[in-house]
Amino acid sequence: MNTHPIWSKLGTKSPLFRSTGGLLFGIFLANMTVEYSFPDIILATDIQGQVFYRGPVPESTTIPITKDSEVCGTSRKNTPIRVHTSGGLQHVIISIQGHPDTDSDQTQDYVLTNKGCEFYPAVGTVSINQKIHVSNKDAILHNTHIRTTDRAFLNVVLLPDSKGITKPFKKPGPMTIQCNKHPFMAGAIYVFAHPFHTTTDEQGLFRISGLTPGVYTLRSFHPVLGTQEQKVTIPSDGLASVTVEFSAPPP
Amino acid sequence: MIHPPPFSPTFLVPFLFLSTLIGGTTFFWTSQAQAIPAFSRKYQVTCTVCHTRVPRLNRTGERFLENGYQLPGTEDGGSTSKRKLGDVTLDEVTHYLGVRLRGTPLRTFHSDTHHAGNSKNQTEFTFPEIFSLFAAGTATNNVGFFVELESNMEESATAVERGFVTFNNLGKHDLAHLRVGRFDPSAFSSYATLRQHFEVIPEDTVDNGSFLPPTINRISLTPAAFSAKFSGLYDRRGNAILPTATSLFHAASEIGIDLHGRPFGNWFFYQVGVLNGANEPFGDSNKAKDWYVHTRIDLAQSNYFSANISGFGYFGRHNAKVQNMTDVNWNRYGLSANFRYHMIDLYGAFAIDRITNLPDALKASFDRTATGLTVEANVLATDRFLIGLRYDHLDAGGDRTLRTSHSLIALMAKFYWRSNIAFFLRDDVNLRDAQGGRNPERNFRNAFVIGADLAF
Amino acid sequence: MRLSLEPIWPFNRPPRNPGALAVALSLTLTAFPAFSADVSPIERTPSAQTGKALYEQACAFCHGIGGQGDGPDAFYLGPYSAPRPRDLTSGEYKFRSTPSGSLPTDDDLLRTLTVGIPGYMPSFQSLSDMDRRHLVAYLKTLSPAFQEGKAQSLPLPPGPIPATPESIQQGRALYVALDCMTCHSEQVNSPEGLLTQGKLKDRRGLTLHPRDLTNLTSYKNGHSPSDIARTILTGLDGSPMASYLEALEPHPEQVWHLVNYILSLSSP
């Protein structure tokens with residue numbers, strides 16, 4: 001398929017076509033069926049879906065907290081696999097692989113907050129050149145230690161209610177977040193070299209916007225359950241829907 | 001005739017019990033090494049920068065030694081941690097003086113003359129047996145020195161065991177290093193005589209005079225590859241050379257000149273040397289010299305892995321005498337190898353000893369060839385706990401009526417309280433059947449030893 | 001390899017001992033060229049290739065031939081607990097003057113090579129300054145991270161300041177406020193500090209012992225006031241020691257009070 005430069009530009013670069021605008025425009029086009037068609041013009045559309053978990057849910061473990069209990073509480077539930085009553089799986093990192101457009105126009109900082117001795121958001125995705133802003137909203141000292149697979153990205157101590165630290169992401173890949181002072185705190189960030197990524201919400205739902213029609217690989221990554229890939233087709237005339245299923249974790 | 005198993009498991013019970021006890025305590029040990037011997041003090045690094053575990057050297061330690069007590073790749077002898085006073089540059093005394101104290105507070109030997117149906121247990125308390133004072137370091141760039149004064153309380157002897165000067169990096173870095181003096185030829189070998197985790201436990205003998213075989217009550221636990229291997233061999237003064245004595249390339253010290261280097265980079269090492277030989281003191285009575293060659297190939301330098309294999313040949317000339325007081329040439333050829341991967345250190349040596357120039361009269365009664373094989377494995381089970389296993393096989397030569405081959409296996413548990421202070425338990429077992437008569441190689445059944453090795 | 005550096009002289013460095021030379025000459029191991037008093041200093045830029053040859057002689061036994069910290073001696077240095085030699089391919093360096101998560105500067109690498117790491121890495125002061133710069137050039141080829149660009153040193157606040165009792169007192173207050181005793185417990189007898197014993201891990205998952213601050217000469221990143229201030233502000237990447245840059249930002253000069261208190265811990 002040939003892509004007219006202007007559409008490709010609009011479809012991938014403009015925030016309007018990226019998100020709801022693109023979706024509405026897609027629906028609009030879908031309704032204009034017979035009379036007129038745009039065979040060579042590709043519009044950006046979205047993909048939405050839900051991730052389900054069908055395996056046995058391991059019981060949460062409780063970690064006792066002995067340090068800074070006035071802020072952090074006395075115990076913390078550790079739920080490595082978070083499943084909604086609907087069966088939806090939270091904290092799955094979804095990305096579209098193989099999309100020709102890789103430039104991200106995401107200029108907003110990725111805000112990571114230490115609050116109530118938890119990282120908010122616990123799991124998130126960012127694009128290269130986006131900046132992270134780490135801050136501490138608790139009345140105690142926190143230490144945010146973010147690591148790539150082979151290297152420290154940031155290991156800083158943050159005072160209560162501090163203004164925080166900002167740093168750009170330069171390399172794609174997974175990162176873990178820890179607090180050396182409060183070892184029960186944990187989080188993850190996944191850095192992508194393209195803009196097509198998100199995480200699933202509590203119900204396992206996700207949506208990625210701004211895709212041009214085509215066949216791509218949808219990659220779903222869960223830290224415990226591993227990685228799954230499936231082919232998805234983004235039609236030129238509407239919204240793609242997809243269902244991802246994870247079964248029991250590998251032994 | 002069927003004999004009972006060569007060793008009874010009951011001997012291993014105290015060994016295993018104590019090993020477990022010692023091994024267990026290491027898990028609760030968290031403090032770090034504090035005391036450090038001379039080079040450690042000089043370079044401000046822990047012992048394990050140069051030793052896998054004291055006394056065995058790691059690759060850095062080997063190269064430090066080859067380079068004349070200078071860091072590998074450098075010629076730091078004139079400067080590191082030294083002070084200038086006028087036109088002399090001086091090291092602090094603590095940077096070149098060290099002491100080592102070692103011994104076995106407890107030894108229990110069990111021997112058994114099976115046919116006679118009697119057995120003998122002998123327990124000794126001996127500590128410390130050996131006290132060594134070292135002075136070693138660099139006088140200036142590329143000039144090193146080493147003096148070791150050893151006081152052996154068991155032998156009531158104090159002597160300069162080793163003393164030599166080194167001239168390093170002659171011509172080009174690592175091209176040639178020279179040692180002149182009284183040194184151990186096997187120092188750069190994959191399996192060096194003086195760097196054994198299994199300390200040599202000396203023999204118990206009664207000397208019967210010149211050119212007479214001594215009465216051996218108990219054999220020495222020397223690696224078979226390093227030992228003399230022959231019965232009925234005498235040095236040039238008529239003293240019997242015991243079949244288990246370290247000798248030739250593996251002598252603990254000989255006087256001579258030694259040249260070694262790595263002219264083509266890390267992978268290839270050469271060593272050639274000329275010695276007075278046969279444990280000759282000053283004033284060599286035999287003007288003929290012994291000489292040796294040793295080459296070593298080093299492989300692999302990553303993945304926590306390294307290996308090397310070396311070949312050596314020692315060519316003696318009139319370096320021993322036989323019963324009828326005639327000179328013979330005593331030679332040794334062999335291979336040694338070392339394989340190190342993660343916590344495993346596996347090494348061994350195989351040596352063939354051969355006597356040439358044997359008088360015709362003795363050719364029928366004297367076996368001119370003997371071989372020895374020693375294989376040792378060390379495993380670091382925790383940061384402080386080392387397990388060692390050694391196998392020795394001696395195919396003895398010499399006087400056919402006296403010579404006896406043996407096969408021994410030894411197990412050791414060594415606990416490093418600090419990286420320079422170790423305590424060990426060791427059990428040596430004779431794998432061969434007990435036999436009648438007074439043959440010490442066969443009567444020996446088992447030795448249990450508790451020892452300590454401290455260096456400051 | 002190294003010979004090519006000093007084409008005029010067969011030794012790497014001008015000889016300092018005529019005795020050694022005499023022996024060398026008498027042995028006539030190699031044909032000696034004419035004596036020259038000294039090698040004239042030639043302007044050179046650091047060469048990674050020369051550095052590689054030096055690296056293979058002096059560094060590879062610990063850091064591995066590929067720089068992954070997996071040399072044949074690496075395991076025996078820290079079999080089951082930290083430290084092991086640095087993985088030079090990761091781009092992660094403990095001893096920097098740059099912000100947390102950044103690459104070290106050339107001077108940082110040169111400093112570590114020159115002073116060594118007490119207890120674990122000898123000083124390579126005996127190599128010439130140029131040789132050490134060759135090594136730095138080679139080290140930077142081992143990790144692709146150095147292609148990302150250069151990191152800037154953090155400026156230290158003006159100081160150090162005199163270790164008056166007031167300053168030490170303020171430093172002690174900071175030590176408590178910044179929760180230093182969580183790891184470096186001994187100094188204030190915090191029972192919490194003991195909880196971290198054996199629980200702190202390095203990047204390889206090996207147990208790591210927080211520095212005993214009462215043993216000044218064992219400080220791996222140096223023990224001068226500036227060294228300590230730099231360590232506090234930059235953190236030690238790869239270990240749990242974090243950067244206190246942001247925490248001290250409102251009053252950066254306070255770092256000197258903390259330094260004075262830490263120094264006071266080891267004074268008799």
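Worth saying up front: this structure is predicted, and the values here are computed from it rather than measured. To find a chain, count down the sequence lines: A is the first, B the second, and so on, and within it residues start at 1.
Atom SG of C50(B) is separated from atom CD of E62(B) by 10.5 Å, given to the nearest 0.5 angstrom.
With a threshold of 4.5 angstrom between heavy atoms, Y55(C) does not approach chain B through any atom at all. Of the atoms belonging to T80(B), it is side-chain heavy atoms, and not backbone ones, that fall under 4.5 Å from chain C. For chain C, the nearby parts of R59(B) are the backbone and the side chain; heavy atoms of each come within less than 4.5 Å. Proximity to chain C (any heavy atom under 4.5 Å) is restricted, for I344(B), to the backbone atoms N, CA, C and O. Only the side chain of L71(B) comes within contact range of chain C, judged by heavy atoms closer than 4.5 Å. Contacts between Y304(B) and chain C at a heavy-atom distance below 4.5 Å involve backbone atoms as well as side-chain atoms.
Shown here are the salt bridge (charged side-chain N to carboxylate O under 4.0 Å, His left out) partners of D106(C), two or more places apart in sequence or in another chain: K140(C). Taking L90(B) as the reference, L85(B), V88(B) meet the side-chain contact (heavy atoms from CB on, under 4.5 Å) condition, with sequence neighbours excluded.
Your options are A58(C), S123(C), G64(C), G119(C), and the one with the most heavy-atom pairs under 4.5 Å with chain B is G119(C). The greatest number of non-hydrogen atom pairs below 4.5 Å with chain C, out of N303(B), V180(B), N67(B), V165(B), is found for N303(B). If you tally non-hydrogen atom pairs under 4.5 Å between each of Q301(B), R53(B), Q70(B), R340(B) and chain C, the highest count goes to Q301(B). Heavy-atom pairs under 4.5 Å with chain C peak, among V49(B), D174(B), T52(B), D345(B), at T52(B).
Residues L170(B) and L175(B) fail the side-chain proximity criterion, which asks for heavy atoms closer than 4.5 Å. Using a 4.5 Å cut-off on side-chain heavy atoms (C-beta onward), N266(B) and R63(B) make contact. At a threshold of 4.5 Å between non-hydrogen side-chain atoms, the residues T74(B) and L127(C) count as touching.
Among Q44(B), H95(B), K42(B), R41(B), the single residue meeting the side chain to side chain donor-acceptor pair (under 3.5 Å) criterion with S81(B) is H95(B).
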